[in-house]
Amino acid sequence: MSKLQRFFSGVVETSDNAKENELRTRYYRDRLSNAVAALKQIPAQSPRFRLIHVDGTRGEVMLEYANGLGLKHDLVVTVIEVSPMRLAVDVHAALRARFVDMGWNVQAISVIYAMLDRQLAKDERLH
């Protein structure tokens, strides 16, 4: 999705094929349960996030993010077990209001990935 489309739609997704590095799927060498536990800790580390729902068996964590203007964003973080000790993490971020996205979704995704990078072992191999 281009920056212009993201600006007007208010939706951003990470993927293996994203043109921007900050929007590429992240890979880690760890267990699914450890990744879900790390995601559950994000609201304790950053007051802008609130934990909404956790489905550990499916590897999905739903968070709410409040940007600097107080607008709410819904984020679904999906952790996929590629192999027993290799995980892929993708994020779907959507601005709740019908308002243009000024880069807040990308900022929220960057914060999530930065927190995971500190707690889990990154897997730098090509996917």
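Expressed to the nearest 0.5 Å, how far CD1 of Ile80 lies from CZ of Arg58 amounts to 10.5 Å. Atom CD1 of Ile112 is separated from atom CG of Leu63 by 5.5 Å, given to the nearest 0.5 angstrom. Here Met85 contributes atom CE and Asp30 contributes atom CG; the two are 5.5 Å apart, rounded to the nearest 0.5 Å. How far CG of Asp117 is from NZ of Lys122: 4.5 Å, rounded to the nearest 0.5 Å.
Residues Ala35 and Leu116 come closest through the heavy atom pair O-CD2, 4.3 Å. Across all non-hydrogen atoms, the minimal contact from Leu23 to Ile109 is CD2-CD1, 4.0 Å. Closest non-hydrogen pair, Asp123 versus Arg86, comes out as OD2-NE, 2.6 Å. Shown here for Leu69 and Asn67, the closest heavy-atom pair between the two residues is N-OD1, 2.8 Å.
Considering only residues two or more places apart in sequence or on other chains, Phe49 meets the ring-ring contact (aromatic ring centres under 6.0 Å, His included) condition with Tyr65. Listed by chain and number, the residues in a side chain to side chain contact (heavy atoms under 4.5 Å, CB included) with Ser33 are Arg31 (sequence neighbours excluded). Partners of Glu81 by salt bridge (Lys or Arg N to Asp or Glu O under 4.0 Å), not counting sequence neighbours: none found. Listed by chain and residue number, Ile52, His53, Asp74, Val76 satisfy the side chain to side chain contact (heavy atoms under 4.5 Å, CB included) test with Met62 (two or more places apart in sequence, or in another chain). Partners of Arg50 under the side-chain hydrogen bond (donor to acceptor under 3.5 Å, both in side chains) rule, at least two apart in sequence or in another chain, are Glu64.
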Below 3.5 Å, can you tabulate the donor-acceptor pairs from side chains in residues 36-45 to any protein atom, sequence neighbours excluded?
none

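Under the 3.5 Å distance criterion, the side-chain polar atoms of Arg48 are matched with a main-chain donor or acceptor of Ala66. Tyr113 places a side-chain N or O within donor-acceptor distance of the main-chain N or O of Val89, the cut-off being under 3.5 Å.
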Audit row: Trp104, Val12, side chain to side chain contact (heavy atoms under 4.5 Å, CB included) steps and yes/no: CA-CA 10 Å; Trp104 296 306; Val12 175; over 6 Å; no

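Side-chain contact annotation: Thr25 with Asp90, donor-acceptor N/O pair under 3.5 Å present.
Looking only at side-chain heavy atoms (C-beta outward), His92 and Val11 come within less than 4.5 Å of each other.
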